[in-house]
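Treat the numbers as computed from the prediction; the structure is a model and nothing was measured. Lettering of chains follows the sequences in order, A, B, ..., and the numbering in each one begins at 1. Note that these values count all heavy atoms, side chains included, but never hydrogens, waters or copies made by symmetry.
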Amino acid sequence: MNTRAIQFWYRGQIHKVDNAVPTRSVLQHLREDMHCTGSKEGCAEGDCGACTVVLGEEVDGELRLRAVNSCIQFLPTLDGKALFTVEDVGTPAHLHPVQQAMVECHGSQCGFCTPGFVMSLWAMYQNAPTCPGREAITDAISGNLCRCTGYRPILDAAKAAYALPRKALDTAPILSALARLALLPPLHYQSHGHHFFAPRRLSELLLLRAEHPHAKLLAGSTDVGLWVTKQLRELGDVIYLGQIAELKRIETVEQGLEIGAGVALADAFAALIQQEPQWLELARRFASVPVRNAGTLGGNVVNGSPIGDSMPALMALGARLVLWGGDYRRELPLEAFYLGYQQNALEPGEILEKICVPDAPAQGRLFRTWKVSKRYEQDISAVCGAFMLQVDRHGLIGDARIAFGGMAATPKRAPNAEMALIGQRWNADTAEAAVQALADDYQPLTDLRASADYRKEIAASLLRRFWLETGAGVAITRLGQIHEVSA
Amino acid sequence: MNMQRDPGPPAGTQVGKSLPHESATLHVTGTAAYTDDLPELTGTLHAALGLSSIAHGRVIRMELDAVRAYPGVQAVIMASDIPGANNCGVVIHDEPILADNDIQFYGQPLFAVAARSHEVARRAVRLAKIEYESLPAILDMDEAIAAQSWVLPPAEMARGDAASALAAAPHCLTGFAKVGGQEHFYLEGQIAYAVPRPDDSLHVYCSTQHPTEMQHLVAHALGWRSHQVSVECRRLGGGFGGKESQSGQWACLAALLAWQTGRPVKLRLDRDDDITITGKRHPFQCHWEAGFDEYGLLQGVKIELASNCGFSADLSGPVNDRALCHLDNAYYLDAVAIRSLRCKTNTVSATAFRGFGGPQGMFMIESIMDDVARHLRLDPLAVRQRNLYGPAAGHERNVTHYGMTVEDNILPQLLAQLVETSDYHARRKAMATFNANSPVIKRGLALTPVKFGISFNATLFNQAGAVVMVYADGTVLVTHGGTEMGQGLYTKIRQIVAEVFGLPVADIRFTATDTSRVPNTSATAASSGTDINGQAVHAAAMTIRGRLAALVAQLSECQPEQVRFVDGRVYAPGFSEDFADITRRAYAARIQLWSDGYYRTPKIHWDPATRTGRPFFYFAYGAAVSEVAIDTLTGEMKVLRADILHDVGRSINPALDTGQIEGGFIQGMGWLTSEELCWQQAGAQRGRLNSHAPSTYKIPTGFDVPEVFNVALFDGENLEESIYRSKAVGEPPLMLALSVFFAVRDAVAAACGPGSRPPLVAPATPESILRALRHGREGA
């Protein structure tokens with residue numbers, strides 16, 4: 001395969017890069033190589049949003065725009081895409097409605113976080129032709145921290161932008177440029193002694209893995225990005241999975257949903273919510289919009305963090321993984337995938353191909369999933385729990401699947417609690433028996449997110465809440481249900 | 001969401017308007033340049049720091065050969081390479097720029113590297129091999145108190161006979177309250193860019209609230225004198241007190257490396273390093289004893305107040321003194337005895353943070369109010385109202401425990417107005433009904449007042465200087481000692497100058513704040529920025545206007561007082577010309593078109609020995625009502641509604657003032673709820689700060705803003721002759737967030753039953769709330 005430059009749409013033309021280290025971040029490139037200093041570094045770990053940029057990709061003939069954190073995106077992952085930064089949106093003399101509204105609503109004070117907010121709001125504005133509600137607006141800026149304003153004027157500005165004459169992005173030249181880029185061969189970039197591959201087919205991946213068995217696999221880089229920015233690790237050769245079409249498919253099959261490992265968390269959650277609306281709150285609280293736009297469901301699963309928030313619910317729903325070894329596929333239940341802390345069942349040469357989530361039976365399934373963290377948005381769970389009961393027509397629990405994150409070295413099911421439920425009627429005594437049994441399922445750790453005791457206590461609390469909501473019929477059990485103030 | 005009520009402009013045309021921030025269009029387009037955005041000079045080097053990995057002990061051996069040999073490294077400096085004073089302690093010289101041998105906290109800088117890129121420098125510092133001898137480390141206040149470990153000796157403040165008052169009181173209660181520290185989390189991290197200049201001089205671009213102090217520290221570190229160093233700052237990406245003394249170390253290190261290499265050196269801290277090695281808000285705790293009558297009126301209070309100052313004194317003396325001066329908050333304390341302990345621990349030195357000890361002092365008295373009310377089963381609001389200082393007109397109960405008369409107490413009226421507009425009593429009733437019927441979710445409500453003293457406690461800092469230059473074409477360039485960190489100082493100053501000259505604001509521009517333009521400046525801190533710099537600028541502008549008026553009076557044969565400057569023109573009886581025509585005439589007539597201006601705050605005095613006097617020019621007031629809901633299963637919490645009524649005197653810019661109020665409130669809410677600093681308690685890394693990044697330290701996000709958020713400015717004016725009768729607004733609103741904490745406590749108490757005093761400590765994280773629920777229910 002011949003090497004070539006990284007090519008992407010940037011500031012009105014196709015931009016080529018051929019001498020940057022493959023792990024150079026988009027933010028470093030913007031600030032240090034291009035001297036475009038509008039995007040800021042606030043944390044270099046994808047948590048503050050001062051570096052937010054928007055990526056454009058062609059999807060079904062349309063330009064799909066998504067905000068991401070440029071501090072943890074490696075430059076070669078931009079190949080074939082369009083990059084938009086605050087420098088593209090407007091100038092002091094010609095402000096975009098989003099910028100105009102930010103000025104008029106006093107949405108900036110120190111101004112350092114402001115370009116990031118502008119980009120998140122610009123992406124929302126482009127994607128939503130009419131003004132979304134408060135919930136969607138706070139979600140759109142969930143990846144942006146502001147320490148000065150208290151956010152109220154920024155929330156107001158998000159709305160006010162829609163009251164100004166609409167300014168649409170002319171996507172035609174961008175789409176035609178992206179079409180030209182799509183004709184290029186898959187990226188093989190080489191610089192400073194390292195290779196970066198972006199295959200487009202599984203078959204290409206197979207060959208690359210055979211030739212470069214030590215190459216690191218990279219998906220959304222929402223975790224691997226930090227290996228570089230924070231731990232200063234050398235990744236060596238990298239194979240990027242983000243361009244492989246087969247891994248980006250979401251398919252509805254007879255048994256349920258099949259989600260390709262490379263599907264962005266944002267898209268995966270949209271499909272999962274459609275299949276099971278109880279995902280909604282968890283999806284909303286999972287990291288932030290830019291992280292959900294960049295990160296993949298497969299990455300979350302394979303990373304196998306004990307506090308990965310998708311896995312408890314996937315386990316409770318009976319998700320199965322399809323592993324692909326080049327000339328064979330094998331399937332296993334998600335809970336069998338984790339062998340220990342940061343250890344999984346992937347054999348050398350295997351990758352996760354897709355995640356299969358079965359549909360609910362026609363009736364009798366009770367399901368809930370919740371996380372608990374110090375902050376509602378963009379935080380890491382102290383505990384994340386998921387609960388599924390299958391109640392038969394005699395009112396007996398036929399199947400029980402309970403799983404937790406934050407309670408063990410891996411996301412893990414709760415066999416004792418499950419045993420206490422199976423075969424019983426779903427009533428207060430059963431629930432209490434399960435709560436008691438749950439105490440034997442986990443020996444959590446104390447860390448900065450929670451003490452071991454607190455973790456055990458709220459794991460039990462979430463199980464109690466599951467009973468209160470699905471069995472006891474208590475109307476209000478969650479803060480999310482409270483909007484009205486007293487009066 | 002409701003918009004603030006605009007009290008309307010005073011007589012003038014620019015002051016009183018809700019103009020946008022002077023850099024707003026630059027902010028939103030990404031064209032506002034911060035220190036890291038300035039074009040770099042050829043040959044610029046980038047610095048990184050080697051940090052200690054123990055909390056307390058000695059360096060036995062530091063091997064830096066591999067660091068020096070790393071490709072791209074140009075210089076490595078250690079304590080022994082510092083030609084001048086190895087000190088960045090600003091009050092007491094107890095804080096080294098680089099630790100020489102004694103290590104006093106985990107992450108203390110030991111050496112610095114300059115290399116061709118930031119990344120190379122960061123990689124190089126990790127190659128150091130350091131051997132330590134560890135000593136036992138003190139991490140918290142209880143350990144420090146047991147070991148009598150102080151950065152400064154304990155202090156007392158008292159009035160009357162507290163012991164007798166306590167003995168005589170019908171009711172007596174003891175309690176304990178505790179509030180955590182807070183990381184500033186300015187979005188722009190610490191940064192300094194030092195540029196060597198000919199003839200042994202240096203220019204330093206620095207994100208700092210205190211350019212003059214940077215100038216002094218850099219000069220001392222180099223063994224130079226002040227006139228060899230200039231420090232410049234156009235804007236900061238947030239400060240909040242964290243770039244007052246705390247920017248000194250980085251300015252010094254950039255300067256030392258620049259001096260050693262002869263090349264420009266930029267030192268920008270990585271976020272994790274920044275949070276680990278820069279100071280934070282002081283955690284405080286308090287054991288108290290209160291005597292009161294059956295209505296909750298306090299008769300005597302004894303307080304032992306302790307703060308965790310970290311390893312060095314830094315600003316801990318004044319911070320603790322301000323805490324003492326705010327232990328009363330809005331309440332008259334008749335007989336009071338306070339002992340203040342300034343604990344020395346092996347943690348990063350605590351420092352200035354918006355409110356500067358005031359919030360912590362107020363937290364304690366509000367805890368006492370809350371406990372007294374719960375003990376008596378009264379609405380805490382009633383107890384708070386009962387204990388307020390006497391009203392403005394009265395002469396009883398209006399002298400603080402440090403001897404200052406509260407001359408314009410508007411709180412009784414302000415509270416009454418807020419109770420009414422927030423519908424407090426009806427909501428209190430509705431809430432009781434809700435709580436009786438809701439087994440899992442409980443609501444809480446609290447109204448807390450704020451009275452905050454304005455001026456630096458140390459009298460000498462209450463001075464400011466400015467230079468106003470009018471060019472012959474009628475445009476104006478202003479420079480002053482204050483720094484722009486987002487608070488809108490430059491915007492308000494621009495309005496003041498525009499007001500004086502009757503010019504549109506576009507005709508007024510600024511230079512960056514620069515020690516070579518205005519010397520001997522004070523930190524932009526203590527909410528004083530507009531108060532003192534605004535007056536200095538006003539004085540300079542008035543001097544020039546006086547000269548122009550005299551010229552026009554001569555031309556039009558009238559008295560100078562008859563000359564008016566309005567809408568870009570100058571009027572006198574029978575005379576009217578553009579401002580620019582007058583300035584051209586003035587230049588031709590050889591009239592000086594520029595002037596300095598100077599201001600010192602009147603009336604203030606403070607006796608540090610007795611801790612009495614009038615430390616504050618005036619007080620700013622406010623109050624907030626917050627309603628929260630808690631989840632008694634998990635301890636999670638949500639703020640549902642906040643109503644704020646705040647006193648900014650006569651506002652120079654209502655929109656900016658509202659921005660300070662809302663931003664301060666949300667920042668205070670973070671301090672008291674989700675922002676938790678976690679130090680490693682055991683093992684080899686004992687003393688390491690584990691919450692050192694936004695992934696682990698959680699400031700509020702947009703979701704956390706209450707859906708109903710009503711903010712109004714109190715209609716009034718400053719009794720004192722402040723600039724356009726405005727009041728300072730930087731710090732006071734932070735303390736409005738105490739209402740959130742006490743609303744949480746109200747909700748916890750609702751779950752625990754009547755008369756309970758749940759031991760809720762701040763920050764009220766979900767875990768803290770659940771613990772308080774458990775202990776409250778057990779009656780602990």
Side-chain angles (χ1 to χ4, degrees), chain A residues 37-38 42-45 47-48 50 86-87 90-92 95 99 102-103 106 108-115 118 138 141-142 145 147-153 155-156 232 372 374-380 448 450-451 454 457-458 461 464-465 468 474 476-479 482-483 485-487, chain B residues 1 20-21 23-25 27-30 32 34 37 122-123 185-188 236-238 271 423 426-427 430-431 434 438-441 443 485-486 627 629 631 633-634 636 638 640-641 655 659 662-663 665-666 674 678 690-691 693-696 698-699 701-703 705 708-709 765-767:
Chain A
T37 54
C43 69
E45 62 175 27
D47 259 290
C48 81
V86 69
E87 283 88 0
T91 62
L95 296 178
Q99 294 168 317
M102 281 286 279
V103 171
H106 307 276
S108 71
Q109 286 185 23
C110 88
F112 197 82
C113 69
T114 311
V118 165
T138 56
I141 59 167
S142 60
L145 298 178
R147 194 54 153 165
C148 294
T149 64
Y151 301 96
R152 195 275 307 161
L155 299 174
D156 283 0
L232 303 178
V372 178
K374 281 182 200 169
R375 187 170 72 191
Y376 184 88
E377 286 178 324
Q378 205 206 4
D379 198 357
I380 294 167
L448 65 106
S451 68
Y454 177 65
E457 193 173 348
I458 53 176
S461 287
R464 285 202 177 95
R465 178 189 289 159
L468 293 175
V474 172
I476 297 172
T477 66
R478 276 181 282 152
L479 292 175
I482 308 269
H483 291 287
V485 295
S486 295
Chain B
M1 278 165 289
H21 192 284
S23 290
T25 57
H27 292 154
V28 300
T29 51
Y34 301 81
D37 302 334
R122 287 179 67 211
R123 285 181 187 281
F185 209 87
Y186 28 67
L187 262 288
E188 176 208 33
L236 300 83
R271 178 64 67 178
D423 210 12
R427 285 163 65 201
M431 185 171 291
F434 174 90
S438 174
V440 177
I441 305 297
R443 296 173 189 249
M485 51 191 144
E627 177 173 346
D631 177 340
L633 288 172
T634 60
E636 288 170 293
K638 187 174 181 192
L640 301 170
R641 172 175 171 178
E662 293 174 341
F665 177 81
I666 297 296
S674 60
C678 304
N690 287 330
S691 49
S695 52
T696 45
K698 310 314 278 190
I699 71 168
T701 68
F703 178 88
V705 179
V708 184
F709 195 13
T765 60
E767 182 163 358

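- Between B:Val705 and A:Gly150, the shortest heavy-atom contact is CG2-O, 3.1 Å.
- In this structure, the portion of B:Ile666 lying under 4.5 Å from any heavy atom of chain A is its side chain and not its backbone.
- In this structure, B:Lys698 NZ and A:Glu377 CD are separated by 10.5 Å, a value rounded to the nearest 0.5 Å.
- Interface residue A:Val118: only side-chain heavy atoms are found under 4.5 Å from chain B.
- Of the listed residues B:Pro766, B:Gly237, B:Ala693, the one with more heavy-atom pairs under 4.5 angstrom with chain A than any other is B:Pro766.
- The most heavy-atom pairs under 4.5 Å with chain B, out of A:Asp379, A:Thr91, A:Ile380, come from A:Asp379.
- Using a 4.5 Å cut-off between heavy atoms, B:Ala32 contacts chain A through its backbone alone, with no side-chain atom that close.
- No donor-acceptor pair closer than 3.5 Å links the side chain of B:Glu636 to the backbone N or O of A:Leu479.
- Atom-to-atom distance recorded for A:Gln109:CD and B:Leu187:CG is 12.0 Å, nearest 0.5 angstrom.
- Using a 30° and 60° split on the angle between ring planes, A:Phe112 and B:Tyr34 fall in the perpendicular class, above 60°.
- When each of A:Leu95, A:Thr477, A:Leu468, A:Val474 is checked for heavy-atom pairs under 4.5 Å with chain B, A:Thr477 comes out on top.
- Of all the heavy atoms in B:Leu633 and A:Ser461, the pair that sits closest is O-OG, 2.5 Å.
- With a 4.5 Å cut-off on non-hydrogen atoms, B:Ser695 touches chain A through its backbone and its side chain both.
- Nearest approach of B:Gly30 to A:Pro115, heavy atoms of both residues: CA-CG, 4.0 Å.
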What verdict does the side chain to side chain donor-acceptor pair (under 3.5 Å) test give for A:Ser451 and B:Glu767, after you've listed the backbone C-alpha separation in whole Å, the side-chain angles of each residue and the deciding distance to 0.1 Å?
CA-CA 8 Å; A:Ser451 68; B:Glu767 182 163 358; 2.5 Å; yes

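- B:Ile699 touches chain A through backbone and side chain together, each having a heavy atom under 4.5 Å away.
- With chain A as the partner, the residue from B:Thr701, B:Asn690, B:Thr25 showing the most heavy-atom pairs under 4.5 Å is B:Thr701.
- Listed for the B:Arg123 side chain is a donor-acceptor partner under 3.5 Å among the backbone atoms of A:Leu232.
- One distance of note links NE2 of B:His21 with OG of A:Ser108; it measures 6.5 Å at 0.5 Å rounding.
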Take B:Phe434 and A:Ile482 through the side chain to side chain contact (heavy atoms under 4.5 Å, CB included) test and state the conclusion after the steps.
CA-CA 12 Å; B:Phe434 174 90; A:Ile482 308 269; 3.9 Å; yes

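- Residue B:Phe665 does not touch chain A at all, counting heavy-atom pairs closer than 4.5 Å.
- The minimum heavy-atom distance between B:Glu662 and A:Pro153, with the atom names listed, is OE1-CD, 3.7 Å.
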Evaluate the side chain to side chain contact (heavy atoms under 4.5 Å, CB included) criterion for residues B:Thr634 and A:Arg465: first the C-alpha distance (whole Å), next the side-chain angles of each, then the deciding distance (0.1 Å), finally the verdict.
CA-CA 10 Å; B:Thr634 60; A:Arg465 178 189 289 159; 3.8 Å; yes

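- Ranked by heavy-atom pairs under 4.5 Å with chain B, the first of A:Glu457, A:Gln378, A:Arg464 is A:Glu457.
- Most heavy-atom pairs under 4.5 Å with chain A, from the set B:Asp631, B:Val440, B:Leu236: that is B:Asp631.
- The candidate from A:Glu87, A:Met102, A:Gln99, A:Arg375 with the greatest count of non-hydrogen atom pairs under 4.5 Å with chain B is A:Arg375.
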